[in-house]
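Worksheet for the structure shown next.
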Amino acid sequence: MADATQAIPSSAEPPVRPLEIPRLELPRAYRTMVLARLFDDRCLALQRQGRIGFYVPMGGQEAAQVGCTWALDPADWLFPAYRELGAALVRGVPLTLLLDQFIGNSGDLLKGRQMPNHYGYPKYRIVTGSSPVGTQISHAVGAAMAAKKKGHAIVTVPFFGDGTTSSNDFHAGLNFAGVFQAPTIFFCQNNQWAISLPRSRQTRSETLADKAVAYGIQGVVVDGMDVHAVYRAVKAARDRALRGDGPTLIEAQVYRFGPHSSSDDPKRYRPEEDLAAWKARDPVTALQHELLEAGLLTAESDAALWDAARAEIASAIQEAEATAPVDPLSMFDDVLARPTPALEAQRAEFATWLGQGETRT
Amino acid sequence: MADATQAIPSSAEPPVRPLEIPRLELPRAYRTMVLARLFDDRCLALQRQGRIGFYVPMGGQEAAQVGCTWALDPADWLFPAYRELGAALVRGVPLTLLLDQFIGNSGDLLKGRQMPNHYGYPKYRIVTGSSPVGTQISHAVGAAMAAKKKGHAIVTVPFFGDGTTSSNDFHAGLNFAGVFQAPTIFFCQNNQWAISLPRSRQTRSETLADKAVAYGIQGVVVDGMDVHAVYRAVKAARDRALRGDGPTLIEAQVYRFGPHSSSDDPKRYRPEEDLAAWKARDPVTALQHELLEAGLLTAESDAALWDAARAEIASAIQEAEATAPVDPLSMFDDVLARPTPALEAQRAEFATWLGQGETRT
Amino acid sequence: MTELNLVQAVNRALAEAMRADPDVLVIGEDVGLNGGVFRATEGLYKEFGADRVIDSPLSETGIVGAAIGMALYGLKPVAEIQFLDFIYPAFDQIVSELAKFRYRSGGQYPCHVVVRAPYGGGVKGGLYHSQSSEAYFAHTAGLKVAIPSSPADAKGLLTTAIFDEDPVIFLEPKRIYRAVTGEVPDGDHRVPFGKANTLRQGDDVSVFAYGAMIHPVLQATDTLLAEGISSEVVDLRTLVPLDEAAVCASVEKTGRAVIVHEAPRTAGFGAELAALLAEKCLYSLKAPVLRITGFDTPFPYALENLYLPTPERIAHGIRSTVRAG
Amino acid sequence: MTELNLVQAVNRALAEAMRADPDVLVIGEDVGLNGGVFRATEGLYKEFGADRVIDSPLSETGIVGAAIGMALYGLKPVAEIQFLDFIYPAFDQIVSELAKFRYRSGGQYPCHVVVRAPYGGGVKGGLYHSQSSEAYFAHTAGLKVAIPSSPADAKGLLTTAIFDEDPVIFLEPKRIYRAVTGEVPDGDHRVPFGKANTLRQGDDVSVFAYGAMIHPVLQATDTLLAEGISSEVVDLRTLVPLDEAAVCASVEKTGRAVIVHEAPRTAGFGAELAALLAEKCLYSLKAPVLRITGFDTPFPYALENLYLPTPERIAHGIRSTVRAG
Ligand SMILES: Cc1ncc(C[n+]2csc(CCOP(=O)(O)OP(=O)(O)O)c2C)c(N)n1
Ligand SMILES: Cc1ncc(C[n+]2csc(CCOP(=O)(O)OP(=O)(O)O)c2C)c(N)n1
Ligand SMILES: [Mg+2]
Ligand SMILES: [Mg+2]
């Protein structure tokens with residue numbers, strides 16, 4: 001796992017204001033947010049069309065994810081939940097590879113084992129997530145302890161939602177991080193909902209960042225619709241962690257624009273007004289306006305950027321949908337490094353049965 | 001479970017200072033602390049002599065436990081960990097019944113099923129504990145939610161140690177209590193050690209009471225060597241809970257004078273000086289001096305009180321040790337209300353086998 | 001009688017139990033306004049309010065722990081775990097507490113909680129929305145384990161569970177939540193625990209299954225009938241208590257046994273059934289006992305239809321068992 | 001060769017592995033200065049320091065979760081769970097994460113953690129310091145399960161576990177931590193996984209066991225030899241991978257099988273062994289397979305010596321099996 005790609009191109013520009021996104025990187029960050037927005041919308045549509053089986057959209061959380069990951073080093077390890085498309089795109093994961101995973105075809109490095117959104121790749125320092133919420137939090141802490149022990153100057157970053165602050169691993173992970181001063185940045189995207197449960201009913205603490213007190217670590221609330229604010233908070237937390245000053249819990253306040261997942265209908269529980277109020281602060285639009293005003297973008301270059309993103313997405317879909325399905329017998333691989341005698345026999349028997357060509361459902 | 005005993009005799013004295021232990025109750029509270037001290041020492045000795053199999057001493061925590069339980073109503077439900085002898089004595093659990101449990105004889109209402117210290121009795125509103133730490137915390141919250149729903153004006157009180165603040169159920173229980181405003185008093189006896197792990201290595205939070213912030217509930221630190229301070233804190237928390245103002249986390253700062261359990265050797269990890277410093281603040285001695293000074297006790301009445309307690313203990317031991325062992329076939333009872341066919345068959349087969357009179361180990 | 005699908009039958013059982021007894025309540029994630037992610041609690045929030053249809057924070061530890069506390073205090077909580085795959089944060093509460101309260105207290109503290117969870121594959125759920133972990137619970141002394149295969153049994157077994165005295169793990173085969181409909185008795189319908197349901201009488205082979213697998217089994221055995229193979233199909237309904245008498249009686253008649261479940265084979269509940277036969281019915285067995293099960297792998301996503309026993313794979317297994325001896 | 005007891009052998013395996021490989025570390029409650037409540041980690045803190053002998057806060061969730069993270073980052077953590085009974089707070093991490101990392105990532109993220117835990121009865125530990133829950137782990141695809149019965153195997157299997165590529169649940173029979181001593185090879189001693197150990201050759205009956213139960217089994221079979229009953233005693237050593245070949249070969253030879261374990265019978269690991277025989281060796285079986293096990297109850301305190309299979313109960317069972325057919 002030594003081949004991290006340089007997903008964030010290093011900038012020639014000297015870091016004058018070390019806690020700000022370098023000006024020349026802003027258009028690329030914006031482009032990543034646009035790509036996330038478009039690709040996310042498209043994937044939900046693919047699910048509606050039955051072309052992928054399930055999807056967890058992230059609309060509304062672009063600035064939080066891109067701002068956070070932009071502030072990190074490519075060598076830092078990410079432990080996503082399932083909604084972190086923005087982080088993956090910053091790291092440079094190809095759209096086709098993501099789609100291969102969503103489809104579960106033979107191009108999927110996960111070999112069709114997981115539901116969509118649960119991808120991860122050593123090359124991009126993104127650890128494959130599971131569905132049970134929160135478990136990645138203590139993994140991130142363990143990895144940070146290991147990195148520290150090995151003398152590697154990296155941080156680990158678990159992503160999770162407001163609901164997940166109630167999980168066992170939130171408690172265990174933050175407590176271990178405090179005790180062992182693990183270089184971990186706990187990045188909580190408070191999108192105000194855990195499926196149908198509003199933030200106010202999840203916990204009575206005033207903010208989620210307040211929970212840091214319980215572990216003697218730093219807690220920070222940040223406007224997650226503002227890519228700059230997020231970048232600054234993460235950058236500062238990273239510096240602090242690497243100075244040996246311990247972990248940070250960052251609460252990025254955002255809003256989930258879409259349903260919890262393709263299986264969810266937010267109309268059953270969510271007031272329309274709330275959504276409208278937050279949509280008025282759409283993070284993609286906000287950065288668009290800023291860049292237009294700052295002259296880093298023109299109406300024309302912006303339109304071209306959106307078109308190019310759309311084209312990139314279309315071609316990735318075409319490619320992924322043309323990729324062969326996964327090999328049936330691959331189902332038996334990777335349980336252990338070598339199969340047990342029992343599994344070996346099951347595989348052999350199944351192979352024979354498949355070979356018999358009987359009707360299969 | 002409607003037969004709670006009136007373990008704390010109601011006092012004729014009007015409650016002039018509602019948050020103080022009524023003056024006339026103090027000698028009884030002191031007597032309970034003395035009984036706890038003597039009985040606890042004696043039980044550890046019985047373990048050393050092989051007369052009971054295991055023991056968890058509570059020396060040093062008398063004021064915390066007696067002060068807390070004294071401030072409660074007999075109808076309030078206690079959820080002990082395993083070290084709460086003081087609470088049991090306030091509730092009036094007979095020494096013989098406790099010893100029956102420690103021995104696991106036919107007088108044990110738990111039928112010899114549990115290790116010593118894990119007793120509990122509906123009559124005394126003490127719920128049988130288990131060994132895994134922390135699990136009783138969320139039980140207490142659920143019971144409090146139930147009592148509230150039924151309109152009963154009671155509180156529930158889980159007891160637990162400093163180490164147990166790291167458990168899953170601490171997190172879940174306090175969070176639920178905050179969200180549902182359960183009338184629960186979380187009584188944490190911070191005795192500075194979780195077996196060999198000192199409080200400072202358990203968590204980096206400044207105090208354990210600080211952890212209340214994470215759940216939006218009240219957190220209170222109290223000197224657990226001072227029975228008055230503990231009483232006041234618990235009384236205030238109880239009033240608050242019953243007013244509907246929510247749960248409280250109380251951190252009673254105490255010190256474990258003995259080993260963690262009869263299996264533990266604190267010399268391996270504990271600095272002698274710490275112990276000596278805390279022993280100088282022995283809660284039993286402190287209350288003794290106070291009562292002598294206040295004229296509520298004389299040297300003679302005190303000596304008589306200690307002697308009477310010793311005699312009570314001696315006779316209870318004699319009685320419990322004379323009680324018949326538990327019936328072998330009782331092992332098969334109470335798994336479910338009625339045994340499964342499988343267990344029924346196992347029981348029958350075993351009964352036959354026992355009846356054969358073959359040598360048994 | 002009303003024609004309902006399985007999840008509607010679950011909903012009916014809950015609603016009727018809550019109407020009958022004010023101590024019955026529901027607690028879980030998204031069970032309130034949202035009516036549960038599978039709509040099992042649809043309408044209950046409106047009818048019974050937030051005090052009896054409790055939307056909990058995201059903690060299975062807390063859900064089961066609090067439910068236990070409620071039960072100790074005399075309520076009859078029905079805890080919903082959103083997917084069985086998410087029950088593990090509550091495993092300590094279930095195994096250490098729920099299963100052992102009655103025993104460890106010498107019968108002083110019975111602890112009656114129903115833990116409901118949708119389970120099993122066939123919904124494109126991958127590793128974490130498909131598991132069948134009934135064996136863990138069946139191996140845990142102090143728990144009952146019930147699994148319906150039809151809407152009528154869903155209502156009848158769940159009603160029995162809610163008014164039982166013991167903790168019950170109630171597993172709902174989500175693959176057939178909507179796919180299977182049937183007539184469901186109105187009113188207080190209870191199906192007793194520990195009584196298997198013989199769905200087909202047969203002479204050549206006994207097929208034991210439960211939950212969603214009943215349906216491919218029936219497809220397979222109906223097909224085989226045309227080939228002249230007569231299968232006895234026994235739906236176990238509850239794994240604990242197990243209707244050992246029915247299992248043995250059937251094999252004593254047919255002399256052959258095939259066991260079908262979705263869970264991985266090794267140490268799955270099928271092993272217990274096969275062991276029972278090897279212990280109690282050995283001399284009746286004319287052919288090796290066959291387990292047709294999920295493979296010894298985590299549950300896969302893209303290939304779930306190959307992982308799950310199909311009517312064809314089941315028919316193949318039954319056929320070879322009948323031919324074997 | 002050095003004469004050691006079982007817990008010393010565990011200690012030796014840890015110390016030598018830590019000397020051999022700087023990536024090996026130990027994490028758990030009281031493993032540091034205190035040397036572990038059973039002294040399995042005695043001396044390690046002094047030799048290797050707080051960075052490699054990590055005293056953790058009281059959270060099994062955190063211990064296993066952090067160990068997984070360390071393993072992902074390339075370390076070889078050995079997590080100690082103080083008693084197997086306290087593993088359930090880590091069950092989610094073990095079942096959902098540890099067991100499934102390799103599979104769910106398509107092999108990209110192997111996850112090699114050893115989880116050690118003292119287990120089993122016979123130490124007056126009652127419900128929560130006595131459990132044998134190996135079946136839960138054996139049923140969980142993606143885990144290996146190893147259980148030594150002697151000091152030599154303790155060192156040899158643990159060393160293999162530490163340098164394996166897969167997650168291993170390593171269960172140490174605490175009842176014989178000190179009660180059993182034996183010669184232990186010095187240096188890098190490894191016992192391969194998946195190879196059972198035939199401790200006694202015999203003709204009349206095969207007895208399968210593991211861990212502490214090996215000792216009452218040997219007492220029983222040695223007694224029976226005087227009665228003219230010749231038992232083959234097979235120590236499974238690892239439940240996953242299981243040496244199916246050895247199990248079947250033995251029963252093909254003797255025609256009879258007795259299985260002994262401490263865990264409750266229903267859906268215990270003995271069921272898997274009996275099922276294997278009912279599937280693969282049916283025609284060799286002359287007598288019903290017998291399971292001699294703990295009963296289907298939680299583990300009792302005062303009566304543990306009646307709960308646990310004794311040499312007498314085992315001998316009685318073997319005798320009746322041999323007489324049966
Ligand atoms: C242990 C566990 N319980 C329940 C679920 C079902 N579930 C999936 S996502 C979710 C809500 C998560 O909310 P939050 O942490 O706020 O993240 P978000 O989805 O809003 O990003 C729930 C309850 C789960 N995945 N894991
Ligand atoms: C889940 C769990 N893990 C480990 C243990 C072993 N153990 C018993 S008591 C104890 C320390 C508890 O410390 P604390 O909460 O401070 O309570 P104290 O014993 O000091 O009163 C430990 C680790 C346990 N009982 N339960
Ligand atoms: Mg959320
Ligand atoms: Mg303590």
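Remember, predicted model here, so these are calculated numbers, not experimental data. Protein chains get the first letters and strands the later ones, always in sequence-line order, with residue 1 at the start of each.
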Region of [X] that comes under 4.5 Å of a non-hydrogen atom in chain B:
X: Phe86(D); value: side chain
X: Ser56(D); value: backbone
X: Tyr307(D); value: both
X: Thr297(D); value: both
X: Gln219(D); value: neither
X: Glu29(D); value: neither

Compute the centroid of each ring, for [X] and then for [Y], and state whether the two points are separated by less than 6.0 Å.
X: Phe350(B); Y: Phe332(B); value: yes
X: Phe91(D); Y: Phe137(D); value: yes
X: Trp193(B); Y: His260(B); value: no
X: Phe102(B); Y: Tyr301(D); value: no

Margin query: Using side chain to side chain donor-acceptor pair (under 3.5 Å), reason through Ser106(B) and Lys111(B) one step at a time and then give a plain yes or no.
Written below: CA-CA 6 Å; Ser106(B) 61; Lys111(B) 303 187 188 168; over 6 Å; no
Top contributor to chain D interface from [options] [non-hydrogen pairs under 4.5 Å]:
options: Ile195(B), Val133(B), Leu343(B), Asp162(B); value: Ile195(B)
options: His118(B), Arg201(B), Arg347(B); value: Arg201(B)
options: Gly134(B), Ser330(B), Gly104(B), Gly163(B); value: Gly163(B)

Margin query: Under 3.5 Å, is there a donor on one side chain and an acceptor on the other for Thr135(B) and Asp169(B)?
Written below: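 Checked: Thr135(B)/Asp169(B) side chains show no N/O donor-acceptor pair below 3.5 Å.
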Check: Any side-chain donor paired with an acceptor under 3.5 Å for Gln61(B) and Asn191(B)?
Finding: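 Present: a donor and an acceptor within the cut-off.
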Checklist line | chain B interface, residue from Thr266(D), Val37(D), Asp296(D), Leu308(D) that has the most non-hydrogen pairs under 4.5 Å | finding: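 Answer, by heavy-atom pair count under 4.5 Å with chain B: Asp296(D).
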Note to self: For the interface with chain B, which of Gly62(D), Pro89(D), Gly125(D) has the highest count of heavy-atom pairs at distances below 4.5 Å?
What the structure shows: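 Option with the greatest count: Gly125(D).
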Checklist line | Pairing residues for Asn11(D) by the side chain to side chain donor-acceptor pair (under 3.5 Å) criterion, not counting sequence neighbours | finding: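 Here no residue qualifies.
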